[in-house]
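What's counted below: heavy atoms across the whole structure, side chains too, no hydrogens, waters or symmetry copies.
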Amino acid sequence: MIERLVHWSRVKSPWVLHLNAGGGCNGCDIEILAALMPRFDLERFGVQLKGTPRHADVMICTGAVTLQNRDRVLRVYEQVPDPKFVVAAGACAMAGCVYRGSYHTLVGIDQLLPVNAYVPGCPFRPAALIDAVVKLLNSVK
Amino acid sequence: MEYKVALGPQHPALHEAVSLRMTLDGEIIRDADLKLGYSHRGIEKLAEERSFIQNIYLTERICGICSHSHTTCFTQGVEQLMELVPARRGLYIRTLIAELERVHSHLLWLGVAGQEAGFESFFMYTWRDREVVLDILEWISGNRVHYAMNTFGGVRRDIDELQKKKILDNLGLLRQRTDYYLNLAASEPTFIGRLAGVGKLSKEQAIALCAVGPTLRASGVPMDVRKDDPYAVYDEIPFEVCTADSCDVLGRAVVRVKELIQSYNMIEFILQNLPEGPFKVKAPRKVKPNEVYSRYEAPRGENVHYIKSNGSDKPERLKVRAPTLANYPATIAMLKSGFIADIPLIFAAIDPCICCAERLVQLDNPRSGESQVLSFSQLRSMANAHYKKIDLTKKEAAWPF
Ligand code: SF4
């Protein structure tokens, strides 16, 4: 019973943590915020942006992981309670974008964390992020 | 009793990875220090491996908010190296995009400032209006964030009559809304009370600490690259440099709102006086050996690129000094003797773009004057040695109560 309730609330109101993994250009972060703004209004799916990883169900990662930030990203990931979902948003988080071959970034966040959904684009449109979140929620159902 | 508090690198008040260490005396900040390097991506090194044309798209991705600033700065520099005179229509369109970008960046900032001041609905309002500008940019360039408009010798896409009309229509809407914000901000006592007097930076301090952009202009120094050293077509467009004398966060907000209105005027002027003719000219692929220093007034302040060419189709060196980096010393000065609760507001007031400012700095040995290159393993062993020296056990760790 409790389990069903928890599952129901998880699907109906996933709380997200927006994590900038370091080596991005900010474009994706701005588009995530734009997705939460009145025009696109991701909040109508119950999605709420949270400041702390301990409250979050879904981690939206943007940017390529820099070596300096690698351990910190892992630590944030470990703080998210189970079950956790990771969305790699943007070309940087997916595959390194233009920073591929740099001495200070990893090629994609999936080298570090298991990723549940990818959102392509540099940057993606807010609508693409909404699509990803809806697909992720459907797969959890 | 003094406390040391660390903020970041992952912290909800900072949207990007940067670490702030503060020494606190109760509520008051006595000392502050910034630690950078979390977002360093090695752009300057990557630029050396790519051709000039490819580098336009690389420099665009230095920053996601002022993407056009970095490409224009780079393109201008390379055009000087190539001794190429860009097409006039191209320059006008370039300036148009630059001003549209300034509008979107300032609206974004106003929203963030509103949010940090606890005025959430203001945040939602400005971000809704920002979508109008993003739509205009999307009509012109096909993208919301990275416009990819610049190329050597002009721009990549022309604009037609229909687009012109659409832009002018939407501009009316934006003007109306900006007037509304101006009234709102001027007549909302809580908003003014929260911003006034916070983050003081006197005129002398601002000059001594080399602040740039709205931070400098809000301290009463009328310095703007567009006026002082006009590039593109800024010498033909009438506009005023906006300043404020209050030297605080409120002044920075006022400067930005005034600049919004100036930008609307400029956009209108550009659209009405758009010259006929081609929008780009053909550019050579190779660049003669030379070096150049290019300046640009980005929404956050003066942006500087230094480019050195060696006769091939790749730059030998690219050095980027983004405006946020120039504003860091001033931020530290503003934070000192402020309150903890003001940190996000003061920090947001310089409109920091942290990933812009993450450059590698090479320090020469102060004694011998030599520069030295360390390998990664050397750095690692140095770091290990450093941490061995520190006593990590907490000696006086007693429960304070
Ligand atoms: S994917 Fe593109 S827009 Fe997004 S952070 Fe990377 S470079 Fe910026």
Side-chain angles (χ1 to χ4, degrees), chain A residues 17-41 43 49-53 55-56 62-73 75-77 79 90-92 96-106 121-127, chain B residues 8-19 35-46 49-50 54-55 57-67 70 104-105 108 111-112 115 123-132 134-135 138 143-146 353-356 358 360 376:
Chain A
L17 169 76
H18 164 210
L19 178 76
N20 183 331
C25 80
N26 234 351
C28 286
D29 308 76
I30 300 292
E31 291 296 72
I32 289 184
L33 280 187
L36 290 158
M37 286 300 119
R39 151 98 55 103
F40 295 97
D41 201 11
E43 286 190 3
L49 200 62
K50 277 285 149 189
T52 148
H55 294 170
T62 59
V65 186
T66 54
L67 296 186
Q68 175 86 344
N69 229 3
R70 185 175 52 188
D71 299 345
R72 283 144 188 117
V73 171
R75 255 169 67 188
V76 171
Y77 177 74
Q79 286 174 14
C92 275
C97 198
V98 284
Y99 315 117
R100 240 190 143 108
S102 157
Y103 55 83
H104 204 237
T105 59
L106 295 183
C122 176
F124 51 85
R125 292 185 59 90
Chain B
Q10 298 292 346
H11 191 274
L14 312 165
H15 298 294
E16 285 172 89
V18 68
S19 173
K35 279 217 156 63
L36 309 174
Y38 297 98
S39 302
H40 178 77
R41 292 152 295 172
I43 292 231
E44 290 174 358
K45 189 71 198 162
L46 285 172
E49 293 159 11
R50 283 157 214 233
Q54 287 173 322
N55 270 330
Y57 306 102
L58 181 68
T59 46
E60 186 152 50
R61 280 157 184 80
I62 290 176
C63 177
I65 308 173
C66 39
S67 52
H70 284 286
H104 111 71
S105 175
L108 179 148
V112 173
Q115 192 207 18
F123 179 43
M124 296 280 171
Y125 274 165
T126 52
W127 277 64
R128 181 191 62 192
D129 298 344
R130 189 176 153 262
E131 291 290 331
V132 178
L134 290 185
D135 278 346
E138 199 180 354
N143 207 342
R144 285 162 55 93
V145 172
H146 292 309
C353 180
I354 286 142
C355 57
C356 271
E358 301 272 342
L360 201 67
F376 192 72

Min side-chain heavy-atom separation Cys25(A)-Glu60(B) under 4.5 Å: no

Tyr57(B) side chain to Val98(A) backbone, donor-acceptor under 3.5 Å: no

Candidate pair Met124(B) and Met37(A), rule side-chain contact (heavy atoms from CB on, under 4.5 Å), full reasoning: CA-CA 6 Å; Met124(B) 296 280 171; Met37(A) 286 300 119; 3.9 Å; yes

Pro123(A) vs His146(B) side-chain heavy atoms within contact, under 4.5 Å: yes

Option among Val145(B), Leu108(B), Leu134(B) that satisfies the side-chain contact (heavy atoms from CB on, under 4.5 Å) test with Ile30(A): Leu108(B)

Which portion of Arg61(B) sits near chain A, non-hydrogen atoms under 4.5 angstrom: both

Heavy-atom donor-acceptor pair, Arg128(B) side chain to Arg39(A) backbone, under 3.5 Å: no

Arg125(A) versus chain B, the contacting section by heavy-atom distance below 4.5 Å: side chain

Choice from Gly42(B), Cys63(B), Gly64(B) maximising heavy atom contacts with chain A below 4.5 Å: Gly64(B)

Output field: ring centroids His40(B)/Tyr103(A) closer than 6.0 Å: yes

Spacing of OG belonging to Ser19(B) relative to CZ belonging to Arg72(A), to within rounding of 0.5 Å: 8.0 Å

Region of Leu46(B) that comes under 4.5 Å of a non-hydrogen atom in chain A: side chain

Proximity breakdown for Glu44(B) and chain A, heavy-atom pairs closer than 4.5 Å: neither

Tyr125(B) atom OH: more than 12 heavy-atom contacts under 6.0 Å: no

Segment of Leu49(A) engaging chain B (4.5 angstrom heavy-atom cut-off): neither

Per-residue contact mode, Ala64(A) against chain B (heavy atom under 4.5 angstrom): neither

Engaged part of Cys97(A) at the chain B interface, taking heavy atoms whose separation is under 4.5 Å: side chain

Separation between CZ of Phe123(B) and CG of Leu33(A), rounded to the nearest 0.5 Å: 5.5 Å

